[in-house]
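For reference, the structure is listed below as structure tokens.
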Amino acid sequence: MKGLPAGRYVDIPSPLHRTDPLVKLVCVFVLLACIIIADSVLQYAAVTVFLVFLSISSRLGWRHVLGGIPGMYPFFVIIVLMNSLFFSTEDPLFSFWIFSFTTEGLVQGLVVVLRVFFALVLGNILTSTTSPLEMTVAVEDFIRPLRFIGVPVGEVAMIIGVSIRFVPVLIEEAGMIKKAQTARGAGFESRRPGERARAVLPLVIPIFLSAFRRADELSVAMEARGYRCSERVLGRRVARRFSAFGAVLLSSCLLLLLCEIFVF
């Protein structure tokens, strides 16, 4: 399991794996709302406790729940610096040229990083405990009301499901390309930011070409098999799994959201 890229479905017995995929998808959106509206230490602590509970329920292990998030620290550092140095205020701690370092900006940057971190953990848990087919059916059921305004629900759900399935594949392929470039002398391990940035550029074109090639191969394979998007076929292939754990999970998410709005 340690070698699997983040976001790839892991088939292990756990309460979260056995939960209905639509319930999990709704819970993710409710928790994202909780993350967005959180504005106090108590609210962030409540969300943290809930994420820990989900991680334990998934039985994935912390290494897989976090996935590649620790490797995104340069992105997080940039967010904190952008907020700290460009947050407009009348009383900065110090100023230099166009930069003004403020405590309010630092706090805002840390809050943004924390929200992004929580959202990424939620995404890892969802995609790791839900198979691509289950995810497609869950998205289809979630957006089903849009069919009354002419939205092709089945096609949209299929596109989203395929996109989710391609994310870990492309991450894995990016890792393979990075190893190949490193063997050719690319400076990915250099301590100089400029050299590391230049080393990343050769990865962009191969990854894009690989994505387009895989998309073309998939479309040809689907056409060769006479694929027709059928909501009823998908619905028959994924049985609904309403359970007590799913009901408790959904109720707890909604209760947390209501508490953040009206109590905390």
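Bear in mind that the values here come from a model prediction, so they are computed numbers and not experimental data.
Annotation: the span from Leu16 atom CG to Ser128 atom OG amounts to 10.0 Å, rounded to 0.5 Å. Summarising the geometry, atom CG belonging to Leu81 is positioned 9.5 Å from atom CG belonging to Leu106; distances are rounded to the nearest 0.5 Å. Once rounded to the nearest 0.5 Å, the distance linking CD1 of Ile37 with CD of Gln43 reads 6.5 Å. Cys253 SG to Leu258 CG: the interatomic distance, rounded to the nearest 0.5 Å, is 11.0 Å. Atom CG in Leu51 sits 6.5 Å away from atom OG in Ser55 (nearest 0.5 Å). Annotation: the span from Ser57 atom OG to Ile125 atom CD1 amounts to 9.0 Å, rounded to 0.5 Å.
By the ring-ring contact (aromatic ring centres under 6.0 Å, His included) test, Phe142 is found to be paired with Phe29, residues two or more places apart in sequence or in another chain being considered. Annotation: ring-ring contact (aromatic ring centres under 6.0 Å, His included) contacts of Phe75 (sequence neighbours excluded): none. Under the rule for a side chain to side chain donor-acceptor pair (under 3.5 Å), Ser219 has no partner lying at least two apart in sequence or in another chain. Residues meeting the salt bridge (Lys or Arg N to Asp or Glu O under 4.0 Å) test with Arg115, sequence neighbours left out: none.
Under a hydrophobic-cluster definition in which Ile, Leu, Val, Met, Phe, Trp and Tyr are linked whenever side-chain heavy atoms come within less than 4.5 Å, directly or via other members, Val107 and Val113 are assigned to the same cluster. Val47 is connected to Phe262 through a chain of hydrophobic side-chain contacts under 4.5 Å among Ile, Leu, Val, Met, Phe, Trp and Tyr, so both are in one cluster. Hydrophobic clustering keeps Val112 apart from Ile36 (ILVMFWY residues linked when any side-chain heavy atoms are closer than 4.5 Å, directly or through intermediates). A single hydrophobic cluster is seen to contain both Leu122 and Met72, as judged by linkage of ILVMFWY side chains at heavy-atom distances under 4.5 Å, directly or through other members. Connection of Val49 to Val121 is not established within any shared hydrophobic cluster, with ILVMFWY side chains joined at heavy-atom distances below 4.5 Å, either directly or through further cluster members.
Among pairs with a residue in residues 250-259, none fulfils side-chain hydrogen bond (donor to acceptor under 3.5 Å, both in side chains), at least two apart in sequence or across chains.
Pairing each heavy atom of Leu250 with each of Cys27, the nearest pair is CA-SG, 3.6 Å. Closest of all the heavy-atom pairs between Arg59 and Ile12 is O-CD1, 3.1 Å. Across all their heavy atoms, Asn124 and Val65 have their closest contact at ND2-O, 2.9 Å. Of all non-hydrogen atoms in Ile69 and Phe76, the two that sit nearest each other are O-CE1, 3.8 Å. Closest non-hydrogen pair, Ile35 versus Ala119, comes out as CD1-N, 4.2 Å. When all heavy atoms of Val153 and Leu146 are compared, the pair lying nearest together is CG2-C, 4.4 Å.
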Working for salt bridge (Lys or Arg N to Asp or Glu O under 4.0 Å), residues Asp216 and Arg213: CA-CA 5 Å; Asp216 183 65; Arg213 175 177 55 80; over 6 Å; no
Check against side chain to side chain contact (heavy atoms under 4.5 Å, CB included), Leu66 and Phe117: CA-CA 9 Å; Leu66 295 178; Phe117 174 80; 3.7 Å; yes
CA sep, side-chain torsions, deciding dist, call: Glu260, Leu256, side chain to side chain contact (heavy atoms under 4.5 Å, CB included): CA-CA 6 Å; Glu260 286 196 3; Leu256 177 61; 4.3 Å; yes
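Of the possible polar contacts, one joining the His17 side chain to the Val10 backbone as a donor-acceptor pair under 3.5 Å is found. Glu134 places no side-chain N or O within 3.5 Å of a backbone atom of Thr130 that could act as its donor or acceptor partner. The backbone N or O of Ala138 sits nowhere less than 3.5 Å from a side-chain atom of Lys24 that would complete a donor-acceptor pair.
The closest side-chain heavy-atom distance from Phe118 to Leu31 is not below 4.5 Å. Looking at heavy atoms from C-beta onward, Thr129 lies out of side-chain contact with Thr19 at the 4.5 angstrom threshold. Within the 4.5 Å cutoff, the side chain of Val156 has heavy atoms near those of the Val151 side chain. Using a 4.5 Å heavy-atom threshold, the side chains of Phe245 and Val23 count as separate.
Taking Ile, Leu, Val, Met, Phe, Trp and Tyr as hydrophobic and joining them when side-chain heavy atoms fall under 4.5 Å apart, one finds Val52 in a cluster with Ile56, Trp62.
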